[in-house]
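Taking it in order: structure first as structure tokens, then the write-up.
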Amino acid sequence: MKILRRIMSVGLTAALLAGSVTFTAPKYEKASAAPDEYHDDWLHVNENAEIVDMYGNPVWLTGCNWFGYNVTTQCFDGVWSLNMHDALNQIADHGFNLLRVPMSTQILLQWKYNEPDPYMVKINTYSNPELSVEGVEGGTPKYSFDIWNMAVDWCRENGIKIMMDIHCATTASNGHQLPLWYDSNYSTDDWLEALSWFAEYYKDDDTVIAIDLKNEPHGKNDGQGMAIWDGSTAENNWRYAAERGAAACLEQNPNLLIMVEGIEVYPKFENGKDWNSPAVDYAHYDDPNAQAFHGAWWGGNFRGVRDYPVDLGEHQSQLVYSPHDYGPLVWEQEWFKKDFTRQTLLEDYWYDTWAFLVEEKISPLLMGEWGGFLDAEHDPTGDNRKWMGLLRDYMIEKRIHHTFWCFNENSGDTGGLIAGGTNWTEWDQEKYEFVEPSLWQNEDGKYISLDHKIPLGKSGNGISLTDHYNGSSNPNTTTTTKTTTITSTTSTTTSNVTTTVNGTINDVVPDYGDANVDGTVNLADAVLIMQVKANPNKYSLTEKGERNSDCSGNGDGVTNRDALAIQKYLLGLLESLPE
């Protein structure tokens, strides 16, 4: 699969129109639709199946999960004890540059319509006076959405990016156990509405950089509900639903990374099986080869991608597949019933289930959940530690993005980065030291933010993305210690603005890149193209402007790829247009 590349958003591009821009630490206020400095950190996928920044520099998303908004807490779990602001500071200082936040369709629609919190928000306002209405210790907790937006602010100031995950339809502690993105309370249309609203609300704030469409679609053909993956438009076809969910998000913000998880089982079509086959052949219960389906962890099965890849059309550059993987303490899977090694895991499970996507450069992967207990009390055989080490090292080697499960101390089957039984006061140092090598850091051990301006954390052991690359990978960029100035030419006179035939101006020959037909190719042309695509009711192109704009994939009409081609041309990455 050739994955197209997107570069720069309207916000940054417009900021470059004057000829140069200096990246400095931002002063936050909620962004409007006008271009500003909160549009320079969007990420995309290039033709080599890498996630890259606006200059094409590879990045590595290495984060953790913190759940609570998906359950009746209606906030991060643990804020009934710890200070939320301090906890986010600690997550950043420990080197996690991405926070995956489980939520529900219910809470997003509650926020959209400004409905009252249906449950008591579990906030200790003695520990968190800033989260109270009065701003005092022991005050009344604020509305859950107001608290969430404070968390977004505090992530931003720490250089942490956010990935929202719809964990379940209805808010519930066991909501993730239901197999589908809809239930008896919330339909597929409700899910799409929630996704669209969330994407639109944060479209001008690149702190929220990604959306995980649905946590762990799963189910077998056992009457309990089943996520399938094929070319149909069946309501329970996750591949079809994922394309619709992605469209709902990208229509509002075409710069979001879209995480698509897998399913649980896939038919053994080679053995004549299909989706209607019995879930288990009890006559051959002990023979996994006799069963109808290739099994996997919930959300972990991507076998269907070979025949039915997710198609995001012009936004394909925003697609990332996101498996989950766990060890034998969560469930004693078949592939653990031996002296397993990396090679046996690849042969027995990983490769055909999800690893082929990164091995064959089909798509980047983000391991949305992985984790588990390491201590001897929970893991007396050491097999869980062994599995965690094998997966960690494989992800480091293959540059697989990941969000560790989890920060919470109250995850019953994995434990957390916060040590259990400490009332949310102490990190599990053994576990953190085990995970820490898989966090993005430079040769000096500095943790790298996904933000071009803001270093990760406040301890002094984090750096910004600009600090890391120092502009060296972009030949048209020069840098100083903490700022980057774009010095490349941003306006080029077109060589064929018009042609003259028998003394008459002929505007039929395209002046490739000159979208606004002002006689020059500059970043204003890229801005106009993206504005037209984002808001065609407000912005438009002339007939000649449309011909001029079609400068990538010549003949396929005006797309965001044309804006990308103009920017590559201005940065010296293309010698001429069309691309």
Side-chain angles (χ1 to χ4, degrees), residues 65 67 70 100 102-106 108 163-172 174-192 194-195 210-249 258-267 274-276 279 292-312 319-326 330-331 333 349 353-354 357 363 365-370 403 405:
N65 290 262
F67 64 78
N70 55 310
R100 180 175 180 261
M103 292 191 180
S104 67
T105 296
Q106 178 180 350
L108 295 184
M163 175 166 64
M164 189 279 288
D165 149 52
I166 292 195
H167 217 64
C168 49
T170 302
T171 297
N174 65 347
H176 66 286
Q177 295 181 7
L178 297 179
L180 303 171
W181 46 100
Y182 55 90
D183 62 14
S184 59
N185 298 314
Y186 293 92
S187 66
T188 295
D189 286 342
D190 293 328
W191 171 68
L192 294 172
L195 286 169
I211 289 181
D212 188 341
L213 297 176
K214 171 63 179 80
N215 179 72
E216 296 182 350
H218 63 276
K220 298 181 283 289
N221 188 20
D222 56 7
Q224 303 300 310
M226 181 185 193
I228 67 173
W229 189 300
D230 62 17
S232 74
T233 58
E235 186 177 17
N236 65 327
N237 178 10
W238 172 234
R239 181 253 189 177
Y240 172 61
E243 291 176 348
R244 297 179 68 196
C249 297
I258 301 297
M259 304 293 159
V260 176
E261 299 190 30
I263 55 176
E264 180 183 1
V265 299
Y266 198 70
D274 60 25
W275 296 107
N276 296 315
F293 298 105
H294 297 286
W297 294 109
W298 290 358
N301 199 327
F302 289 90
R303 288 174 178 265
V305 174
R306 288 205 182 273
D307 295 321
Y308 304 102
V310 171
D311 183 1
L312 302 189
L319 172 66
V320 179
Y321 290 117
S322 183
H324 291 184
D325 207 87
Y326 281 108
V330 173
W331 193 262
Q333 304 279 13
Y349 178 66
T353 308
W354 53 261
L357 291 162
S363 169
L365 293 178
L366 186 143
M367 188 65 64
E369 292 183 18
W370 68 289
T403 46
W405 187 271

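Just the heavy atoms: all of them, side chains too, but no hydrogens, waters or symmetry mates, feed the values below. On a predicted model such as this, the values are computed, not experimentally measured, just so you know.
- Nearest heavy atom pair, residue L319 against residue S363, reads O-OG, 4.2 Å.
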Assess the residue pair N237 and D230 against the criterion (side-chain hydrogen bond (donor to acceptor under 3.5 Å, both in side chains)); give the C-alpha distance rounded to whole Å, side-chain angles, the decisive distance to 0.1 Å, and a yes or no. CA-CA 7 Å; N237 178 10; D230 62 17; 3.1 Å; yes
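- Using a cut-off of 4.0 Å between Lys/Arg side-chain N and Asp/Glu carboxylate O, E261 and K214 are scored as not salt-bridged.
- Ring pair W191/W181 is tilted by interplanar angle, where 30° to 60° counts as tilted.
- Taken to the nearest 0.5 Å, the CG atom of D212 stands 8.5 Å off from the CD atom of E369.
- Taking CG from L195 and OG1 from T105, the interatomic distance works out to 7.0 Å, rounded to the nearest 0.5 Å.
- The side-chain contact (heavy atoms from CB on, under 4.5 Å) test with V260 singles out one residue from L213, V305, L366, and that residue is L213.
- Contact between C168 and H176 at its shortest, heavy atoms only, is CB-N, 4.0 Å.
- In this structure, the separation between OH on Y186 and CD1 on I166 is 12.0 Å, given to the nearest 0.5 Å.
- The side-chain heavy atoms of Y308 and W229, taken from C-beta on, include a pair separated by under 4.5 Å.
- Rounding to the nearest 0.5 Å gives a distance of 12.0 Å between CZ of R239 and CD1 of I263.
- Scanning all heavy atoms of the two residues, the minimum distance from L108 to A194 falls at CB-CB, 3.9 Å.
- Here the shortest heavy-atom pairing between T353 and G300 reads CG2-O, 3.1 Å.
- In this structure, N301 CG and E264 CD are separated by 8.5 Å, a value rounded to the nearest 0.5 Å.
- Inter-residue side-chain proximity for Y182 and E235 is flagged as met; some heavy-atom pair is nearer than 4.5 Å.
- One N or O on the side chain of Q106 and one on the backbone of T171 form a donor-acceptor pair closer than 3.5 Å.
- Every residue two or more places apart in sequence or in another chain that forms a side-chain hydrogen bond (donor to acceptor under 3.5 Å, both in side chains) with W370 is listed here: H402.
- Between the side chain of N65 and the backbone N or O of T403, at least one donor-acceptor pair lies under 3.5 Å.
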Would N185 and T170 count as a side-chain hydrogen bond (donor to acceptor under 3.5 Å, both in side chains) if you check the C-alpha gap in whole Å, the side-chain angles of each, and the deciding distance to 0.1 Å? CA-CA 7 Å; N185 298 314; T170 302; 3.0 Å; yes
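- Judged purely by atom type and a 3.5 angstrom limit, E243 has no side-chain atom pairing as donor or acceptor with the backbone of V310.
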Give the C-alpha distance, both sets of side-chain angles, the deciding distance and a yes or no for side-chain hydrogen bond (donor to acceptor under 3.5 Å, both in side chains) between D189 and S187. CA-CA 5 Å; D189 286 342; S187 66; 4.9 Å; no
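- The NE2 atom of H167 lies 12.5 Å from the CE atom of M103; values are rounded to the nearest 0.5 Å.
- Between Y266 and W275, the ring-plane angle classifies as perpendicular under the 30° and 60° cut-offs.
- Panel note: side chain D165, backbone R100; no donor-acceptor pair is recorded below 3.5 Å.
- Shown are W297, W354, Y321, Y349; of these, the ring-ring contact (aromatic ring centres under 6.0 Å, His included) with F302 is made only by Y321.
- Nearest heavy atoms, M259 versus A210: CE-CB, 4.1 Å.
- Using cut-offs of 30° and 60° on the angle between ring planes, the pair W298 and H218 is parallel.
- Across every non-hydrogen atom of V265 and G295, the tightest pair is CG1-CA, 4.3 Å.
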